Amino acid sequence: MKLSNYFLPTLKETPADAEMESHKLMLKAGLIRKVTAGVYDYLPLGFKVLKKIEEVVREEMNNAGAQEIKLPIIQPAKLWKESGRWDDFGPEMFKLADRKEREFALGPTHEEIITDLVRNELNSYKDLPLVLFQINDKYRDEIRPRHGVMRSREFLMKDAYSFHSTQESLDKTYERMYDAYARVFDRLGLDWVAVEAPTGLMGGSYSQEFMALADEGGEEIVVCDDCDYSSNIEIARYEVSSEYSENSPAELKEVETPGMETVEEVANHLGIPSQKVVKTFIYRTDDGLVAALVGGDDDIEEMKLINHLGTKKAEMVSSQADIKAITGANFGSIGPIGLKDDIPVYADLDLKSLTNFTVGANKNGFHLTNVNWDRDIEDVKFINLRKVREGDRCPECGSELDFHKCIEVGQIFQLGTKYSDSLDGEYQDRDGNLNPYIMGCYGIGISRLIPAVIQQKYDSKGINWTGAVSPFSAALIVLGSEGEESFRLGEALYKELKELDYEVLVDDREVSPGFKFNDADLIGAPIKIIIGPRGLESGVLEVESRSGDKEELNLENKDVKQIAEKLGERISALG
RNA sequence: CGGGGAGUGGCGCAGCCUGGUAGCGCACCUGCUUUGGGAGCAGGGGGCCGCUGGUUCAAAUCCAGUCUCCCCGACCA
């Protein structure tokens, strides 16, 4: 491609509304432009990268035995109402109506549509298993789009769905998909890990996320040093502690804690470790109120509460008036003992071994101390409830857990029969009985992979493409002016390299040399081949890698074809 | 939805407090010179100062409302 007529509007100044480095670079390097919040134009360079990633994903999906299809973006509300997700997705879905006021959604994902397709066509166990995939735009009315295409409202995703008659068959496909994902992310040159993940709105029994490590990423994971345990922090398990257990229960006492609202104040007042002041939170769920208890130094991980309850929502009761009405006290003094209305009590696993601890008395200005399970509080369910924190140990092997920030680039799910049940997706087995398909689904955020890749490898000069992502294998920087020997050679080499299947960008613009060098670095060209009058005088071309390694290529006694071949070798070696 | 910030040529910003003919840098156009890490000189084009209303002789500037965008949080395959 010749830069003189390539639409590549690079920016010298950083756009004011970008925060994350990958977002700034995508704007500066002319990959994308914003249309409105969460909606972007892909310019030629950005679109080229997108297609590169798409192609890697497509190849690996095909290799894994998945068949490509294309499903509609406009989807009838009927199917979403059948599955129950018309309401579950709620305001996250872009909804629209046709002229007859029939309701539709712009697909945020495609489980409903594909289950509908398959239920009409696959009736026998002989047709299973089947794996279908598509690469298509998805629409979600994100509550807050951010960081460019990292979290946008229109985005490109590869989604695959598998249908099975047995769990073993699902396990096998799930594993094959895992392997395919591993190859995709390796080929893209990502530094990634797979972790146990919450299933969220997709539902299902087991799920893993593929995370690209990045300090500015919005997700957090824990990874064990020694064994292969790793998890999204929202569902992470931990080795349960018994640090604060004592043998003999002491006498339950009500103590005055006037005006004290924080754990710290109460702990100091009573002269006890803050972890022994147990915090109580009241949550409003689909099935009514629950109390949730964690140690004084801990925080609740709401995702864990939601998972354990099997509820769709759990909202902390956060208004003083409501909490007073429920417990009879203000926030600083609420506790699990003597709650009205048979509010079920869930406590974090770490608390189980706790003895002689302190809780709010549900009476302003008072706490109960020397509280013990069973004797003072009955029917408590102990669950993994608290946030994992620095210093926590692996639930599998006891080694220390590492914490990492990262970007979610893919997720795979064992869905089970959630959608086949609600949408009546059934096949007939060998005995003639009808059974729901056992399903899996597998997503890769294609558009999000662009910032993910950039985020891992950029430097002060710009983007630094890795692996199979680079839109061009080299920048051919032609110095001097039109009509000179350097331009003639540049043109000829460009043609030869194209013959040899190298995608080269020729900078034949009428701008100063510095401009060309900086743009080549900004857009992340893996190597620069510099053809200038100065080099030609001494019979050489300069070849410089993105990292700054330079070498010279002697032109003596070589024709254009031979030079191009030599350059090709350098491109293959350095790129 | 809660908290914070911002809307002034394509981009980055100043001007607003203290009302009086809209400015700077980059980019763009023309010409000449220049050509190895974002060139120089000269000339030029482009803005309903987000929108609506109000105050005033006069509003980018003051007041009210509204819309949009960004950041933090809630939320999120």
Side-chain angles (χ1 to χ4, degrees), chain A residues 9-20 23-24 27-28 30 33-39 85 88-93 107-111 138-148 150-153 155 157-161 197-204 207-210 218-219 232 234 302-303 306 312-316 318-319 408-413 415 440-446 448 461-462 477-482 484 486-487 507 509-522 528 530-538 540-542 544 548 550:
Chain A
T10 55
L11 303 172
K12 207 185 294 189
E13 282 171 297
T14 305
D17 61 1
E19 192 73 12
M20 200 176 199
H23 184 199
K24 291 180 191 168
L27 291 163
K28 285 182 77 171
R33 287 291 182 264
K34 187 173 77 174
V35 176
T36 184
V39 181
R85 291 207 298 180
D88 289 356
F89 251 99
E92 290 276 302
M93 271 203 287
T109 173
H110 285 73
E111 282 77 15
K138 298 280 186 288
Y139 295 82
R140 292 189 193 175
D141 192 359
E142 289 290 342
I143 198 162
R144 181 148 88 90
R146 64 185 100 178
H147 304 316
M150 182 67 82
R151 167 165 245 93
S152 52
R153 298 197 290 175
F155 57 101
M157 177 172 166
K158 185 284 301 178
D159 46 325
Y161 306 87
T199 52
L201 267 177
M202 304 297 294
S207 175
Q208 284 168 292
E209 284 168 324
F210 291 80
E219 308 276 338
N232 186 305
E234 291 182 321
E302 291 181 8
M303 179 66 78
I306 289 170
K312 277 165 193 154
K313 272 210 168 79
E315 216 169 273
M316 196 195 293
S318 57
S319 96
E408 182 197 339
V409 289
Q411 186 164 14
I412 56 181
F413 296 81
L415 290 176
C441 88
Y442 319 88
I444 291 181
I446 306 266
R448 176 180 286 181
K461 292 190 279 188
I477 295 181
V478 181
L479 303 177
S481 32
E482 187 120 33
E484 289 184 22
S486 55
F487 266 66
D507 197 343
R509 295 175 298 177
E510 297 263 347
V511 296
S512 68
F515 215 101
K516 298 183 180 187
F517 292 130
N518 284 320
D519 266 357
D521 289 338
L522 176 62
K528 297 187 286 289
I530 299 149
I531 308 173
R534 205 166 80 184
L536 292 183
E537 245 172 64
S538 42
V540 296
L541 296 185
E542 222 170 287
E544 185 181 334
K550 289 183 199 177

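Reminder, nothing fancy here: chain letters follow the sequence lines and each chain counts from 1. Keep in mind that what you see is a predicted model, and the values were worked out from it rather than measured.
- Put simply, CG on Asp141(A) is 12 Å from C1' on rC75(B), counting in whole angstrom units.
- Using modelled atom types, no side-chain atom of Arg509(A) and backbone atom of Lys516(A) make a donor-acceptor pair closer than 3.5 Å.
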Under the side chain to side chain contact (heavy atoms under 4.5 Å, CB included) rule, what do Lys138(A) and His110(A) come out as? Steps first, then yes or no, please.
-> CA-CA 9 Å; Lys138(A) 298 280 186 288; His110(A) 285 73; 3.2 Å; yes
Its contact letters, B for base, S for sugar-phosphate only and - for none at protein heavy atoms under 4.0 Å, make nucleotides 25-40 of chain B read BSS--------BBBS-
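- The distance from atom CE of Met316(A) to atom P of rA74(B) is 11 Å, rounded to the nearest whole Å.
- The pairing partner recorded for rA6(B) is rU68(B), the criterion being a Watson-Crick or G-U wobble arrangement whose two distances lie under 3.5 angstrom.
- Pairing for rG73(B) goes to rC1(B), judged as Watson-Crick or G-U wobble with the two contacts each under 3.5 Å.
- The distance between atom CE of Met202(A) and atom C1' of rC75(B), rounded to the nearest whole Å, is 17 Å.
- Rounded to an integer number of Å, the gap from Met20(A) CE to rC70(B) C1' is 15 Å.
- The distance between atom CZ of Phe89(A) and atom P of rC75(B), rounded to the nearest whole Å, is 16 Å.
- The nearest pair of heavy atoms linking Tyr161(A) to Thr109(A) is OH-OG1, 3.8 Å.
- Look at rG23(B): its Watson-Crick or wobble partner, with both distances under 3.5 angstrom, is rC13(B).
- To the nearest angstrom, P of rG10(B) lies 15 Å from NZ of Lys34(A).
- In this structure, the side chain of Arg448(A) engages the main chain of Glu408(A) through a donor-acceptor pair within 3.5 Å.
- Side-chain N or O atoms of Thr14(A) include none that pairs as donor or acceptor with a backbone N or O of Lys24(A) at under 3.5 Å.
- Not counting sequence neighbours, Tyr139(A) has no partner by the ring-ring contact (aromatic ring centres under 6.0 Å, His included) test.
- Using Watson-Crick or G-U wobble geometry with both donor-acceptor distances under 3.5 Å, rA39(B) finds its partner in rU33(B).
- For Thr36(A), the listed nucleotide lying nearest its side chain is rC69(B); candidates were rG12(B), rC71(B), rC69(B).
- Nucleotides rG25(B) and rG40(B) are separated by 12 Å at their P atoms, to the nearest Å.
- Shown here, rU61(B) forms no base pair; nothing in the strands shown gives a Watson-Crick or G-U wobble contact with both key distances under 3.5 Å.
- Note that the CZ atom of Phe515(A) and the OG1 atom of Thr10(A) stand 5.5 Å from one another [nearest 0.5 Å].
- Only the C1' atoms considered, rU8(B) is 14 Å distant from rC51(B), to the nearest whole Å.
- Here the C1' atom of nucleotide rC71(B) and the CD atom of Glu142(A) are 17 Å apart, to the nearest Å.
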Can you give one letter per nucleotide of nucleotides 2-8 of chain B, going 5' to 3': B for a protein heavy atom under 4.0 Å from the base, S for sugar-phosphate only, - for none?
-> -------
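- Residue-level contact check: Ser207(A) touches neither bases nor backbone, having no heavy atom under 4.0 Å from any strand.
- Pairing for rC28(B) is with rG44(B), a Watson-Crick or G-U wobble pair whose two hydrogen-bonding atom distances lie under 3.5 Å.
- Lys528(A) places no side-chain N or O within donor-acceptor distance of the main-chain N or O of Glu542(A), the cut-off being under 3.5 Å.
- Without hydrogens or angle criteria, Ser207(A) side chain to Ile412(A) main chain gives a donor-acceptor distance under 3.5 Å.
- Computed from coordinates, the Ile143(A) CD1 to rC72(B) C1' distance equals 14 Å when rounded to whole Å.
- Under a 3.5 Å cut-off, the side chain of Gln411(A) and the backbone N or O of Pro198(A) do form a donor-acceptor pair.
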